[in-house]
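Note that ligands are numbered from 1 as they come in the structure, with each ligand's atoms numbered from 1 the same way. Worth knowing before you read on, the calculation uses all heavy atoms, side chains too, and leaves out hydrogens, waters and symmetry mates.
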Amino acid sequence: MKLSSRSQAFIMPEYNLTGDLLSFLTCNLQYRYQNKATLPPSKPVQLWFGEFIHGIMEEAYLKYNDAHKSFPWDWKKDIRPLEELIDKRLQVRGLYPPEKYYCHFTHPNNNQAQCSTNQHPHKLLYSFRAETAINKLGPYLFPLIDNAEILLKGMRTMPNYKDGYSRSNYYSINGVIDVLSSIKIEENIKPQKSLDEYKQKNIILEYLFKDEDFQNNIKKISSDKYEIIIDYKGMKRPPLNSKNWLRHNWQIQTYAWLRSMQEGSKPVAAGIIFYLNELAPSNEDLQLIQEDLKNNLSDVSGHSRDENLIKQWDVSKKYPKLSEKFMMDRCVRIIPIKDKSINFALEKFDEVVEDIENSTICELAGKNIKQSWKADADERTCNACDFKTFCDKHKLEEMTIP
Ligand code: SF4
Ligand SMILES: [Zn+2]
């Protein structure tokens, strides 16, 4: 008996914006290896901290929404249980935390691992960052969230579709976002009496309403209802006009496009990215911020005191005490949404999908992984890459060091 196979037309590759497209752009080969035995697109594996902090912010919001517990939250009592929950979830997916930055023990035991004592749990860097993000953003952000973890999904025609070559004539693109809304803003105005009063009390609104593009957008929107898309990034703010700087913008534009096609959505007036490492930077983050400042690649201005402290900081010494305002200004990035920029972003991501498809087809045709996927990443990505021991690109660089 002949078994019928699925017809080609029904195989539609589904790409996740961060897990596939941004991962692929970080390094084609690393992305392929992370997908293990499966050809992409498949369940993406991201760096542990990025997944962890996303999960923590989502869980913290749900907890806030349930009990309206006031801030600040106590780390051990309120936040640590959320961390353990997320850690377990990630372990199921085969993702384990780096011991140096996250204490994964729930109780004291005989194993000290990389902690200072065996009296676990310890509040190491990643926990400190989670605590800081919840307590500094939560009070302003959580009351404005209208919808958390909305799954966005859309379909696009396969770029440069070729009969007999391309895997499908369409591809699907997806992502998960949180949405703030004018409805929630209005709800919160009541106890404050006026929007102006509320703006002064809510730093997120302060950033939003200071932004001219946002102001223009809400004037243009015919109803008075609108939405704001938010995303968290477990990294420092990228240097101005760097690859990541541009790609994060494209990501938000694409989310705005996907959201606009969902039933019941309101026009998207802006996007906000929170670069959470800025609220609790590591030594390495601060060194990179120092580099950006020295090279004039920081878009955040008006902080000469903090900037001088960082510029003059000797990286081998204890790091300088930065102002809260400086850290928050670097954490919050408002992304203007415009039709033109949405179209540009979609074109860019079409190009990325085309590149992934070409590599996939190349591998399917029998070429080996390294021939099919390009190894190219910045030094920092290579240093943290699990696959550097068998990546020729990385080896080549090592061999040239005298
Ligand atoms: S070592 Fe660098 S170039 Fe090689 S796969 Fe990893 S990130 Fe890519
Ligand atoms: Zn510990």
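- No donor-acceptor contact under 3.5 angstrom links the side chains of W73 and E131, judged on distance only.
- Counting the atoms of ligand 1 from 1 in the order shown, those under 4.0 Å from a heavy atom of C27 are 3 (S), 5 (S), 7 (S), 8 (Fe).
- Residue H122 approaches the Zn ion (ligand 2) most closely through its N/O/S atom ND1.
- Checking D292, D285, N277 one by one against K236, the side-chain hydrogen bond (donor to acceptor under 3.5 Å, both in side chains) holds for a single residue, D292.
- A donor-acceptor contact closer than 3.5 angstrom is absent between the side chains of Y170 and R156.
- Between the CD atom in E84 and the CZ atom in F105 there is a gap of 12.0 Å [rounded to 0.5 Å].
- When the Zn ion (ligand 2) is compared with the N/O/S atoms of H120, atom ND1 turns out nearest.
- Annotation: the span from S166 atom OG to M158 atom CE amounts to 6.5 Å, rounded to 0.5 Å.
- Among residues at least two apart or in separate chains, salt bridge (Lys or Arg N to Asp or Glu O under 4.0 Å) pairs with a member in residues 206-224 are D213-K338.
- Per-residue contacts place C385 under 4.0 angstrom from the following atoms of ligand 1 (heavy atoms of the residue considered): 1 (S), 5 (S), 6 (Fe), 7 (S).
- Coordination check, C382 versus atom 6 (Fe) of ligand 1: failed, since every N/O/S atom of the residue sits at 2.8 Å or beyond.
- Atoms of ligand 1 lying under 4.0 Å from at least one heavy atom of K388, given by number and element, are 1 (S).
- Under 2.8 Å from the Zn ion (ligand 2) lies no N/O/S atom of H104, from backbone or side chain alike.
- The atoms of ligand 1 that sit less than 4.0 Å from any heavy atom of C391 are 1 (S), 3 (S), 4 (Fe), 5 (S).
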